Structures are given as structure tokens and as C-alpha cells.
Enquirer: 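Just passing along the structure, written as C-alpha cells.
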Amino acid sequence: MIFKVLYQKDKIETPRRETTLSLYLEAETEVDARSLVQENTDYNIEYIEPLQGQHLEYEQQSPDFKLTEFN
């Protein structure tokens with residue numbers, strides 16, 4: 001499943017909508033998606049949203065849509 005992860009780059013700053021970033025990744029579950037991001041970054045995760053159906057199709061049309069892979 002594809003997940004959209006909304007995050008702040010810094011865990012120290014207070015989250016603000018204006019500085020929220022997003023990434024897309026493939027994982028089995030939301031828990032797995034959270035683990036991948038936490039193990040590979042210092043991001044402050046705000047929200048993880050599963051994408052499927054028309055919602056996924058809409059997000060894929062964005063020029064910013066790119067699956068993130070952690071090595």
C-alpha cells in the first residue's frame with residue numbers, strides 16, 4: 001500500500017502548516033510506514049495517510065509525487 005507521510009523536518013520546532021512537508025512510501029501497514037520513517041530520518045511525523053483508489057490516482061498526478069525508498 002502507498003502512504004502519504006506529512007512531517008516536519010525538525011522535531012524541536014513547533015509544527016506549523018506552512019512548514020509541513022510530505023513524502024510517499026510503500027509499506028505493508030501504517031505501523032511499518034511509521035517505522036521506516038523513524039528509523040531512517042529525524043523527521044517529526046504529523047500524520048500518515050493511506051492512499052488508494054481515486055485518492056491515490058489524484059496524488060499520482062502531482063509533479064511532486066515520487067515514492068521514497070530507504071536503503
Side-chain angles (χ1 to χ4, degrees):
M1 177 172 274
I2 307 270
F3 292 92
K4 181 177 184 177
V5 180
L6 301 170
Y7 67 94
Q8 300 288 320
K9 277 194 165 192
D10 190 357
K11 289 184 179 181
I12 297 172
E13 288 186 38
T14 304
R16 291 190 329 246
R17 181 179 356 168
E18 295 82 10
T19 59
T20 297
L21 302 169
S22 63
L23 63 84
Y24 302 90
L25 58 89
E26 190 169 0
E28 292 292 319
T29 66
E30 186 175 326
V31 172
D32 292 339
R34 182 176 296 276
S35 292
L36 277 171
V37 175
Q38 287 178 333
E39 291 170 5
N40 292 285
T41 69
D42 289 328
Y43 297 161
N44 182 10
I45 299 171
E46 291 182 26
Y47 184 69
I48 299 177
E49 178 178 18
L51 300 177
Q52 51 190 332
Q54 290 180 337
H55 192 174
L56 175 57
E57 290 173 17
Y58 175 80
E59 292 286 346
Q60 287 174 326
Q61 292 175 12
S62 168
D64 296 329
F65 182 87
K66 179 183 173 204
L67 286 178
T68 300
E69 294 183 22
F70 296 109
N71 297 325

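Just so we're clear, the structure is a prediction, and the values are computed from it rather than from any experiment.
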Enquirer: How long is the gap from OG on Ser22 to OH on Tyr47, to the nearest 0.5 Å?
Expert: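 These two atoms lie 13.5 Å from each other.
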Enquirer: Would the number of heavy atoms belonging to other residues, nucleotides or ligands and lying under 6.0 Å from CG of Leu67 be above 12?
Expert: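 For Leu67, atom CG is crowded (more than 12 foreign heavy atoms under 6.0 Å).
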Enquirer: In chain order, what residues pass the side-chain hydrogen bond (donor to acceptor under 3.5 Å, both in side chains) check against Thr19, with sequence neighbours excluded?
Expert: Gln8
Enquirer: Only counting residues at least two apart or in another chain, list the ones meeting side-chain contact (heavy atoms from CB on, under 4.5 Å) with Asp42.
Expert: none
Enquirer: Listed by chain and number, what are the side-chain hydrogen bond (donor to acceptor under 3.5 Å, both in side chains) partners of Glu26, not counting sequence neighbours?
Expert: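 Applying side-chain hydrogen bond (donor to acceptor under 3.5 Å, both in side chains) to Glu26 gives none.
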Enquirer: List, one per line, each side-chain donor-acceptor pair under 3.5 Å for residues 55-63, sequence neighbours excluded.
Expert:
from, atom 1, to, atom 2, distance (Å)
Glu59, OE1, Tyr24, OH, 2.6
Glu59, OE2, Lys4, NZ, 3.3
Ser62, OG, Asp64, N, 3.1

Enquirer: For the residue pair Val5 and Leu25, establish whether any side-chain heavy-atom pair is separated by less than 4.5 Å.
Expert: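 Yes - at least one pair of side-chain heavy atoms lies under 4.5 Å apart.
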Enquirer: Mind listing the side-chain donor-acceptor pairs of residues 30-40 below 3.5 Å, one per line with the distance, residues two or more places apart or on another chain?
Expert:
from, atom 1, to, atom 2, distance (Å)
Asp32, OD2, Thr29, OG1, 3.3
Ser35, OG, Val31, O, 3.1
Asn40, ND2, Leu36, O, 2.7

Enquirer: Hey, quick one: are Phe70 and Phe3 part of the same hydrophobic cluster, counting side-chain heavy atoms closer than 4.5 Å, chains of contacts allowed?
Expert: yes
Enquirer: I need the minimum non-hydrogen distance between Asp10 and Asn44, along with the two atoms involved.
Expert: O-CB, 3.9 Å
Enquirer: Quick one: pull up CD in Glu49 and CD in Glu46 and give me the separation to the nearest 0.5 Å.
Expert: 12.5 Å
Enquirer: For Lys9, enumerate each residue passing the side-chain contact (heavy atoms from CB on, under 4.5 Å) test, keeping only those at least two apart in sequence or located in another chain.
Expert: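 Scan of Lys9 (side-chain contact (heavy atoms from CB on, under 4.5 Å), adjacent residues dropped) gives Tyr7, Leu21, Tyr43.
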Enquirer: Rounded at 0.5 Å granularity, tell me how far CG in Leu23 sits from CG in Leu6.
Expert: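 Taking CG in Leu23 and CG in Leu6, the distance rounds to 8.5 Å.
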